[in-house]
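Written out below as structure tokens is the structure these notes cover.
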Amino acid sequence: MKRRSFFCATGRYWSLCFFGRCRIQFSIAIAILSSIWLSVAPPTADAAPCLVVTLTGTQGGPEAFKGLAGAGTLVSYGDDGNSCGSVKLQFDAGRGTNMRLSQVGVAPRQLKAIFFTHMHSDHTEGFPDIMQLRWLRDSAGPKIDVVCSSDVVSPLGFTISCKKFVTHIGDAFLQSGEIALRRSEDKERLAGGPADLANVITFQAKNEAEVVWSSGDVRVSAIRSTHIEGHASYRIDTPAGSVVIGGDAGNDSLTPPRRSSTSDQVEKLAKGVDVIVHSTVHPVMAPSKDGGLPPRLFYRWSTTSDLAAMAKRVGAKHLMLTHLIPSLGAEYQGQRKVPGGPLTEANYKKAVEESGFTGNIIVGTDLATLRLSTK
């Protein structure tokens with residue numbers, strides 16, 4: 001019979017046993033265990049800081065197209081010993097964000113903070129899903145920081161409020177009776193529903209970058225930018241590298257003539273950055289007799305060519321295009337036909353390359369990932 005070995009407990013010691021007869025004593029077993037541990041334990045002293053940027057959703061606008069998730073970016077920081085995962089930050093949370101996070105092994109409880117660039121539904125509608133699941137499975141906490149601009153009054157008189165959005169995120173679940181039902185199953189769940197797990201941190205976005213959140217070696221700054229009232233763009237700085245999340249930012253001047261369609265504030269924020277993650281509209285969608293978008297929509301986004309030119313000016317090494325307008329392969333953007341037919345990755349890359357940007361170009365698809373390390 002073939003001999004097999006396994007570990008078993010004998011009294012209060014561990015011994016290596018053969019067919020149940022323990023022949024190697026405690027000290028030898030410990031030596032074996034130690035050698036195994038040394039072979040698999042990460043070399044913490046030599047672990048290099050690292051940063052991973054993952055596009056959790058790249059759909060351009062509120063449309064649904066071929067299963068693309070809504071706008072969102074996950075930024076994870078750590079070192080080689082924890083797979084760059086000690087701090088996980090989510091920027092925007094469009095439709096399907098929870099599903100995309102699950103595909104890369106990230107549960108709601110693992111997110112340390114969520115940041116919103118602005119209060120458009122295609123950037124926010126995945127948030128209730130994240131918070132409801134966190135409340136259901138981890139109601140004991142800790143709370144998650146939700147970081148966004150403070151209330152701003154539109155010139156038309158209404159108020160745009162991230163704080164109220166978060167405060168009332170569980171209202172539908174409360175009104176439907178689900179919160180009461182779930183609490184009847186587990187009294188530890190918070191009575192106010194998912195909103196009780198949110199620690200809302202608001203800031204007044206200004207023309208100069210200011211630190212709005214930090215944890216250990218990770219620092220997040222924000223700056224005012226234009227798309228709708230209350231829009232903000234973010235910069236994440238870590239020892240492994242830096243990332244700018246532009247959101248849907250465009251130039252403060254909403255109509256030509258203007259130097260560029262990109263935001264002057266975002267350009268200021270991005271000086272010397274490693275990675276720019278930014279929404280973009282392809283120049284083919286410019287208003288014309290052949291179609292495209294109406295001026296009020298087209299001119300409030302950054303065009304692909306202008307965005308790449310900005311990336312070149314600030315010295316960025318990587319440009320990740322997201323929230324693509326139009327989506328790759330789409331015949332329509334909303335109800336408007338794409339002039340000349342559906343665009344490919346090559347069409348977007350050509351618009352970038354013609355601007356003179358020579359860095360790494362990533363034309364966003366869901367779960368596209370970029371890793372930076374000090375090694």
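One hydrophobic cluster, built from ILVMFWY side chains closer than 4.5 Å, holds both Tyr234 and Leu372. Grouping the Ile, Leu, Val, Met, Phe, Trp and Tyr side chains by contacts below 4.5 angstrom, directly or via other members, places Phe116 apart from Ile245. Put simply, Val338 and Val363 are part of the same group of oily side chains (I, L, V, M, F, W, Y) that touch within less than 4.5 Å, one to the next. Linking Ile, Leu, Val, Met, Phe, Trp and Tyr whenever their side-chain heavy atoms come within less than 4.5 Å puts Ile276 and Ile223 in one cluster. The hydrophobic clustering, which links ILVMFWY residues whose side-chain heavy atoms are closer than 4.5 Å, places Val212 and Val152 apart.
In this structure, the side chain to side chain contact (heavy atoms under 4.5 Å, CB included) partners of Lys206, at least two apart in sequence or on a different chain, are Glu210. Take His120 and apply the ring-ring contact (aromatic ring centres under 6.0 Å, His included) test, not counting sequence neighbours, and it matches His118, His227. Every side chain to side chain contact (heavy atoms under 4.5 Å, CB included) that Ala368 has, sequence neighbours left out, goes to Leu55, Ile362, Thr365. Listed by chain and residue number, Tyr348 satisfy the ring-ring contact (aromatic ring centres under 6.0 Å, His included) test with His282 (two or more places apart in sequence, or in another chain). Listed by chain and number, the residues in a side chain to side chain contact (heavy atoms under 4.5 Å, CB included) with Val153 are Thr159 (sequence neighbours excluded). Partners of Thr238 by side chain to side chain contact (heavy atoms under 4.5 Å, CB included), not counting sequence neighbours, listed by chain and number: Leu51, Tyr77, Val218, Ile236, Ala240.
Judged by distance alone, the side chains of Gln90 and Thr97 never bring a donor and an acceptor atom under 3.5 Å apart. Side-chain atoms of Ser305 and Ser355 form no donor-acceptor pair, as typed in the model, at a separation below 3.5 Å. Looking at His323 and Asp92, their side chains never bring a donor and an acceptor atom within 3.5 Å of each other.
Residues Ser263 and Thr226 form no side-chain contact, since every pair of their non-hydrogen atoms from C-beta on lies 4.5 Å or further apart. At least one side-chain heavy atom of Leu324 sits under 4.5 Å from a side-chain heavy atom of Thr280. Residues Asp252 and Arg224 form a side-chain contact, since some pair of their non-hydrogen atoms from C-beta on lies under 4.5 Å apart. Annotation: side chain of Trp301 is not in contact with side chain of Met285 (no heavy-atom distance under 4.5 Å). Looking at heavy atoms from C-beta onward, Met310 lies out of side-chain contact with Ser260 at the 4.5 angstrom threshold. Side-chain contact between Val220 and Phe91 is present, with heavy atoms from C-beta onward closer than 4.5 Å. Using a 4.5 Å heavy-atom threshold, the side chains of Asp306 and Asn251 count as separate. Between Ser150 and Lys163 the shortest side-chain heavy-atom distance does not fall below 4.5 Å.
Residue pairs meeting the salt bridge (Lys or Arg N to Asp or Glu O under 4.0 Å) criterion with at least one member in residues 100-116, sequence neighbours excluded: Arg100-Asp366. Among residue pairs with one or both ends in residues 246-266, none qualify as ring-ring contact (aromatic ring centres under 6.0 Å, His included); sequence neighbours excluded. Applying the salt bridge (Lys or Arg N to Asp or Glu O under 4.0 Å) test to residues at least two apart or on different chains, the pairs with a partner in residues 257-267 are Arg259-Asp264, Arg259-Glu267, Glu267-Arg313. Residue pairs meeting the salt bridge (Lys or Arg N to Asp or Glu O under 4.0 Å) criterion with at least one member in residues 117-134, sequence neighbours excluded, are Arg95-Glu125. Sorted by first and then second residue, the salt bridge (Lys or Arg N to Asp or Glu O under 4.0 Å) pairs with a member in residues 315-342 read Asp274-Lys317; sequence neighbours excluded.
The structure places CD1 of Ile325 at 10.0 Å from CZ of Phe298, a figure rounded to the nearest 0.5 Å. The NZ atom of Lys88 sits 5.0 Å away from the CD atom of Gln110 when rounded to the nearest 0.5 Å. Atom CG in Leu269 sits 9.5 Å away from atom OG in Ser242 (nearest 0.5 Å). Atom-to-atom distance recorded for Leu111:CG and Leu74:CG is 7.0 Å, nearest 0.5 angstrom. How far CD1 of Ile114 is from CG of Asn199: 12.0 Å, rounded to the nearest 0.5 Å.
Shortest non-hydrogen contact noted between Gln132 and Phe173 is OE1-CD1, 3.6 Å. Contact between Ser373 and Arg371 at its shortest, heavy atoms only, is CB-NH1, 3.5 Å. Across all non-hydrogen atoms, the minimal contact from Ser139 to Leu197 is O-CD2, 3.8 Å. For the residue pair Met119 and Cys162, the shortest heavy atom distance occurs at SD-CA, 3.6 Å. The two residues Phe65 and Leu328 make their nearest non-hydrogen contact at CE2-O, 3.4 Å. The minimum heavy-atom distance linking Ser233 with Ser225 is given by the pair OG-OG, 2.9 Å.
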- Task: Could you give me the CA-CA distance, side-chain angles and deciding distance for Ile130 and Ile144, then say whether side chain to side chain contact (heavy atoms under 4.5 Å, CB included) is met?
- Result: CA-CA 11 Å; Ile130 292 172; Ile144 184 171; 5.5 Å; no
- Checking side chain to side chain contact (heavy atoms under 4.5 Å, CB included) for the pair Leu319/Leu307: CA distance, chi angles, key distance, verdict? CA-CA 9 Å; Leu319 175 60; Leu307 189 57; 4.2 Å; yes
- Task: Evaluate the criterion side chain to side chain contact (heavy atoms under 4.5 Å, CB included) for residue pair Lys66 and Ser327; output intermediate values, then yes/no.
- Result: CA-CA 10 Å; Lys66 292 191 174 181; Ser327 297; over 6 Å; no
- Task: Test Asp248 against His123 for side chain to side chain contact (heavy atoms under 4.5 Å, CB included), laying out the working first.
- Result: CA-CA 10 Å; Asp248 286 2; His123 292 249; 3.1 Å; yes
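Side-chain atoms of Thr56 come within 3.5 Å of backbone atoms of Gly72 as a donor-acceptor pair (strictly under, hydrogens ignored). The closest donor-acceptor contact from the side chain of Ser279 to the backbone of Gly247 lies under 3.5 Å. Side-chain atoms of Thr369 come within 3.5 Å of backbone N or O of Leu367 as a donor-acceptor pair. Looking at Ser83, its side chain never comes within 3.5 Å of a backbone N or O of Gly85 through a donor-acceptor pair. Between the Asp79 side chain and the Ala47 main chain, no donor and acceptor come within less than 3.5 Å of each other.
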Taking distance alone, no hydrogens or angles, what donor-acceptor pairs closer than 3.5 Å link side-chain atoms of residues 339-346 to residues at least two apart or in another chain?
| from | atom 1 | to | atom 2 | distance (Å) |
| --- | --- | --- | --- | --- |
| Thr344 | OG1 | Ala346 | N | 3.3 |
| Thr344 | OG1 | Asn347 | N | 3.3 |
| Thr344 | OG1 | Asn347 | OD1 | 3.1 |
| Glu345 | OE2 | Lys349 | NZ | 3.3 |

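Around atom CD of Glu185, more than 12 heavy atoms belonging to other residues, nucleotides or ligands sit under 6.0 Å away. Counting heavy-atom neighbours within 6.0 Å of Lys268 NZ, excluding the residue itself, gives a total above 12. Heavy atoms of other residues, nucleotides or ligands lying less than 6.0 angstrom from CD of Gln103 number more than 12.
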